Every structure is written in C-alpha cells, then in structure tokens.
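Chain letters run A, B, ... following the sequence lines, proteins first, then strands; residues in each count from 1. All values reported here derive from a predicted model rather than from experimental measurement.
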Amino acid sequence: MRKFFAFFKARTMEFVRDRGTLFWNLLFPVVLVFGFAFAFAGDGEPLFSVGILGTPDEDLAFMEIEEIEFIEYSGTGNESREAVMERLRRHQIDMLVDFEAQEFAINRESREGPVLRRLFLADSAESLAAGGGLDAAEVEQREPGQQEAAQQESGQQAPGQQAAAGSGAATFTEQEITGDPIRYVDWVVPGVLGMNMMFSCLFGVGFILVRYRKNGVLKRLKATPASPLTFLTAQAASRLVIVVGTSTFVYAGTNAFLQFTMLGSYLNLLLVLILAIACMIAIGLVVAGRLKS
Amino acid sequence: MAPILEVRDLRKQYKSVRAVDGVSFTVPEGICFGLLGPNGAGKTTVVEMMEGILQPSGGEVRFRDRPIDTEFKRRVGIQFQSTALPEYITVKETLELFRALYPHPRPIDEVADICSLWDFLDRDNRKLSGGQRQRLLLAIAIIPKPEVVFLDEPTTGLDPQARRNFWSLIERIKAEKATILLTTHYMDEAQLLCDQVAIMDHGKVLELDEPQALLDRHFHGTVVQIPNPGDLSQLRQARLPADAVFRDGVIEITSDRLDQTVRELLSAELNLDGLTVHKPNLEDLFIKLTGSSLRV
Ligand SMILES: Nc1ncnc2c1ncn2[C@@H]1O[C@H](COP(=O)(O)OP(=O)(O)O)[C@@H](O)[C@H]1O
Ligand SMILES: [Mg+2]
C-alpha cells in the first residue's frame with residue numbers, strides 16, 4: 001500500500017507540475033466551451049419551425065407560409081409523439097401539429113408560440129368561415145389569459161379544451177407545455193468533457209507508459225521489489241482522480257458563467273464518468289501493451 | 001568465503017548477435033568485482049542478467065547459492081547504464097518514492113550524506129548535471145542497504161573531476177561491506193577500485209583474477225612505447241628487440257632489462273621523440289589480450 005501511494009503521489013505531482021498538460025486538461029476545454037457558446041449564440045435558423053405528425057391537410061393556408069419550416073415526423077421510434085413533444089419542450093421546434101389526433105401544441109416559454117397559434121387559428125377561422133362551421137367570434141374568445149389560468153390549475157401539460165367540432169384547424173385541440181430551451185452549449189459541454197476525458201485517459205496512461213518504457217523508467221522499477229500491478233493500479237487511480245477533478249473543475253467553472261441545463265442526477269453522471277474513465281484507461285493500457293515502441 | 005554471486009555458463013543470444021557466449025565466474029562477498037571490456041563486449045548484458053532484468057538464453061545466476069527471486073530484488077541495489085528518472089519531481093521526492101518500495105530503507109539524510117546530495121535536494125530531476133545525476137542514481141541504488149550494488153559504467157561521460165568524486169563514493173560504499181559489481185571501460189578505474197577483474201570481449205571472459213596477479217602473470221618488467229618511430233622502410237632495417245610489437249604506428253616493447261633495451265633502441269637509430277616508459281597496467285594487458293586498443 002505504501003508503494004501504491006508512492007507511485008500515486010509521484011504520478012499526480014508529475015501531472016500537476018507539468019504546465020503544458022495542465023493547460024490542455026483544464027483551460028483548453030473551458031476555452032472550447034466558451035468558444036462554442038459564443039459562436040452559436042445567435043441562430044441563423046428559419047423564423048419558425050413546426051413539427052408535423054400524420055398526413056398534413058393540404059388545404060390549410062397555414063401550411064403554405066414560407067417563413068415556417070415544416071418538419072414531418074414518422075410518429076414512431078425516436079420520432080414518436082412523445083419524442084416530438086420533448087423537442088417542443090426543448091425549443092428545438094416551436095410548434096407541433098398532429099393531424100392524426102387533431103391536436104396542436106406550443107411551448108409556453110417560447111416567444112414563437114403565441115405567434116404561431118395566432119397564425120394557425122387565423123387560418124382555421126378562415127376555413128371555418130368558408131365551411132360555415134363555428135362562429136369566428138368563438139374562436140376569438142380563446143384568449144391567452146384564459147388558457148394560462150386553466151393551465152395553472154391543471155399543471156404543465158394542461159390540454160386546452162377550447163377546440164370545437166368542425167373542419168379545418170378549428171377542430172384541433174390545443175395543448176401547451178413548458179420547458180426551458182436547451183442551447184447549443186448545453187449539448188456541447190458533455191461532448192467537450194467526454195473528449196477531454198478520453199484524451200486524458202489515453203495519453204495519461206497509455207502514452208505515458210509507452211514513454212516510461214522507452215526511457216527506462218519501467219526498467220528501473222522492474223529492478224525494485226515493487227510489483228507491476230501496484231504500479232499500474234496506482235497509475236490508473238491517479239488518472240481517475242485527475243480526470244474526475246478536472247471534469248468537475250471544467251463543468252463548475254463554465255457552469256458559473258453559462259448556467260447549463262442539467263437533466264438527470266449528478267450522482268449518475270459521476271458513476272457513468274468513473275465507469276467511462278475506467279474503460280478509457282483500460283483501452284490506454286491495451287494500446288500501451290500492444291505498441292512496441 | 002562462500003561466493004555471494006555465482007554465474008554459470010551464462011549465454012544471451014539476440015537474433016543474429018551472440019551478446020554473451022558462455023560466461024562463468026564467482027564473486028566473493030565484500031569485494032569490488034570489475035567487468036572490463038570495450039563497448040559492445042557484453043558487460044551490460046551480463047550485469048542485467050545477473051540483476052534479473054534480462055532473461056538468459058542459457059546458464060544460470062545464483063545469489064547465496066540459490067536462484068535469484070523476488071527476495072533478491074529487496075537485497076540488491078542497481079544503477080543502470082542509462083536510466084530516465086521520473087519527471088517533474090525533485091531529488092528528495094525521487095528518493096522518497098524509491099524508499100517506499102523497499103522494506104527497510106536508509107533515511108534520506110544518510111544517503112544525502114554519503115552521495116553529497118545536499119546541494120540539490122530540492123531541484124527537479126531534469127535540471128541536474130551529469131555528475132549530480134550519477135550521484136542521485138547511486139543514491140537510489142544504495143537506498144535498500146543492499147548486500148550487492150550493481151554499477152554499470154557509472155563514470156562514463158563524466159569529467160575527470162566528477163569521476164574522481166565518484167570513485168571516493170564507491171570507496172565509501174565498499175567500506176560499508178557491500179559487495180560491488182562494477183563495469184567500466186576505463187582500465188585506470190578498474191585498477192584503482194577493483195579487487196578482482198574479469199576482462200571481457202565479444203561476449204567471452206578472456207582473463208579473470210586480481211589486477212596485480214594478472215599483470216604479474218602477463219608482464220615481466222616495464223613497457224616502453226615509441227610513438228613516432230619514423231618511416232617504415234627504415235624500421236625494417238632496424239634491429240629491434242625480439243619481443244617488440246608494432247601496432248597503430250606505435251612500437252611497444254616489454255622489457256625485463258631496461259638498460260639493455262634502451263641501448264638496443266639507440267643503436268637502431270630510431271626517432272625516440274615522445275618515448276615513454278611505464279609499469280604495465282590493465283590497459284596494456286587489454287591490448288595484449290585482444291590485439292587491439294580499446295574501441296571506445
Ligand atoms: N536488445 C538487443 N538486441 C540486439 N542486440 C543487442 C541488444 N542489446 C545488446 N545487444 C548487442 O549485444 C552486444 C553486447 O552489448 P552490451 O552488453 O550492451 O555491451 P557493453 O555493455 O559491454 O557495451 C552488442 O553487440 C550489442 O549490439
Ligand atoms: Mg554497457
């Protein structure tokens with residue numbers, strides 16, 4: 001155990017004192033995250049994007065609006081209704097129109113939501129007028145104030161019950177959901193952390209071992225009573241602590257400025273992180289073992 | 001006394017190279033044993049097989065009449081010919097690291113005293129001079145209070161002053177009753193430090209004995225060297241003493257009776273500029289045995 005800690009300490013100190021590596025492990029990911037955050041701050045996407053489920057009604061003038069990007073989903077797998085609703089919740093689309101269930105949904109937190117509703121319902125009013133169904137005035141009644149009141153009572157996904165029978169868009173029931181947008185950086189951070197972790201494990205264990213073998217450090221240790229297993233586990237443990245430490249640092253450091261959206265538990269994240277690190281270290285060791293020079 | 005180390009018919013074959021070709025010797029406890037030979041003679045290969053670092057292709061190494069095992073590693077200290085030290089840690093931290101690997105290590109103060117490390121104890125390993133580095137490597141070798149210390153060419157590449165300092169360190173370790181196994185291609189070093197030497201070339205031991213006994217066996221008298229004997233045609237006519245050898249442009253005569261040899265040389269009318277007379281040393285013996293001067 002004494003040997004283990006001696007190796008552990010030496011390796012960890014080597015990492016902390018090696019300015020170059022320290023920079024790559026700590027500052028570089030931070031810079032990368034901020035870089036992405038600013039590079040993708042503004043979005044050059046279409047004004048609105050509307051998800052479509054089921055066969056669209058070609059007669060709807062709403063479907064002809066050029067500023068809207070219509071995305072048709074198959075309704076199965078990761079394009080199931082729930083999945084698409086999740087996209088709506090995360091602001092990846094601004095509205096969902098389900099022609100099958102005769103429903104449409106918007107996100108309350110989205111700026112685009114009310115505008116789209118207005119457009120959609122205006123269209124429905126027209127088709128109503130044409131089809132001689134509901135009075136347009138009735139449609140007018142459905143003011144946002146009412147809906148919000150209804151929603152606060154019944155929680156997040158309160159379906160608006162205001163839709164009436166008839167043809168066209170007026171037959172659609174309205175649903176509202178809430179959810180903060182997931183920005184581009186929110187997707188980038190896990191990637192950057194993961195990338196950092198992979199490199200750190202591969203280089204910090206695999207590459208270092210190859211270097212130790214080349215320059216004779218391994219040979220020197222072979223001449224001591226220390227077992228190779230002690231040495232290797234100490235290397236791996238040192239790297240594990242380093243990667244968990246740097247990842248936490250990078251996450252906490254960037255989070256302080258960017259306030260990421262975090263879904264899921266930190267404990268699970270830590271567990272997954274540790275498992276992933278163990279895997280990458282193992283790969284590093286295999287690479288080191290296979291590489292002859 | 002029973003030998004502490006014994007090597008029996010040791011062999012090492014690298015693909016086409018026979019690096020060590022049947023080497024046998026015994027090392028009595030408490031002496032300094034020297035393995036001498038030019039570069040490529042097979043010294044490092046022999047020593048590393050004795051240390052248990054290299055697997056021999058044939059033969060065996062015995063420590064206190066038993067094959068070497070893990071226990072052996074606790075009881076010997078090793079200084080390799082070339083070793084990288086762990087980076088980004090100081091001399092003191094390096095010593096602490098190695099101390100943690102042995103059951104009853106020496107205190108840091110003690111090794112720092114013996115090897116004069118005090119001046120650079122807090123310096124990064126990478127910033128040491130050649131001599132300081134060798135002293136640190138020696139310090140690492142003696143941390144386990146070893147019964148045997150292996151030193152593979154410890155003074156190669158050091159300046160004369162540093163070499164002399166290093167010799168005094170080795171004398172100190174000798175005084176502690178440790179057995180030392182030293183390889184070198186400096187004959188003066190071997191003559192000064194070693195109680196017994198084995199002269200190696202091409203993977204074989206050519207001679208093995210105490211340095212003085214070897215010299216007494218091979219030389220009677222004094223060595224006379226004439227570095228600039230003049231042109232060769234003249235040389236052929238000259239009546240040289242019978243045992244003169246001509247090698248690399250130098251005439252070498254081993255003489256029992258110096259007055260007679262000098263008279264013969266004078267009558268041969270050679271250019272005697274730069275003539276030297278010295279008592280034979282291991283260098284002369286080596287040249288005699290291998291038929292060549294040291295291939296350094
Ligand atoms: N790993 C190796 N592979 C092939 N040949 C080697 C290897 N190590 C040493 N040799 C050869 O073995 C011979 C003896 O080398 P070595 O023991 O290092 O000599 P010395 O230490 O006396 O200079 C040399 O000819 C060298 O080229
Ligand atoms: Mg050598």
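- If you take CD1 on B:Ile140 and OG1 on A:Thr224, they are separated by 10.5 Å, rounding to the nearest 0.5 Å.
- Annotation: residues 99-124 of chain B contacts chain A through B:Arg99, B:Ala100, B:Leu101, B:Tyr102, B:Pro103 [non-hydrogen atoms, separation under 4.5 Å].
- In terms of heavy-atom pairs under 4.5 Å with chain B, the best-connected choice from A:Val217, A:Val16, A:Asp18, A:Asn215 is A:Asp18.
- Once rounded to the nearest 0.5 Å, the distance linking CD1 of B:Ile78 with NZ of A:Lys222 reads 10.5 Å.
- The shortest heavy-atom contact between A:Ala10 and B:Leu97 is CB-CD2, 4.1 Å.
- Using modelled atom types, no side-chain atom of B:Arg74 and backbone atom of A:Pro225 make a donor-acceptor pair closer than 3.5 Å.
- In this structure, the separation between CD1 on B:Ile89 and NZ on A:Lys9 is 8.5 Å, given to the nearest 0.5 Å.
- Residues from residues 231-244 of chain A never place a non-hydrogen atom less than 4.5 Å from a non-hydrogen atom of chain B.
- Atom CZ of A:Phe207 has 12 or fewer neighbouring heavy atoms from other residues, nucleotides or ligands inside a 6.0 Å radius.
- The environment of A:Phe5 atom CZ is sparse: at most 12 non-hydrogen atoms of other residues, nucleotides or ligands sit within 6.0 angstrom.
- Two residues are said to be in side-chain contact when any heavy atoms from C-beta on lie closer than 4.5 Å; A:Lys219 and B:Ile53 meet this criterion.
- With salt bridges taken as basic N to acidic carboxylate O contacts below 4.0 Å, one links A:Arg211 and B:Glu87.
- Heavy-atom distances place the side chain of B:Glu93, and not its backbone, under 4.5 Å from chain A.
- For chain A, the nearby part of B:Leu85 is the backbone; its heavy atoms alone come within less than 4.5 Å.
- Enclosure of atom NZ in B:Lys174 by more than 12 non-hydrogen atoms of other residues, nucleotides or ligands within 6.0 angstrom is indicated.
- Atom CZ of B:Phe25 has more than 12 neighbouring heavy atoms from other residues, nucleotides or ligands inside a 6.0 Å radius.
- At a 4.5 Å heavy-atom cutoff, A:Tyr212 makes no contact with chain B through either its backbone or its side chain.
- Here the CZ-OH distance, from A:Arg17 to B:Tyr88, works out to 11.0 Å after rounding to the nearest 0.5 Å.
- Using a 4.5 Å cut-off between heavy atoms, B:Glu71 does not touch chain A at all.
- Only the side chain of B:Phe98 comes within contact range of chain A, judged by heavy atoms closer than 4.5 Å.
- Few gaps surround CZ on B:Arg62; more than 12 heavy atoms of other groups in view lie less than 6.0 Å from it.
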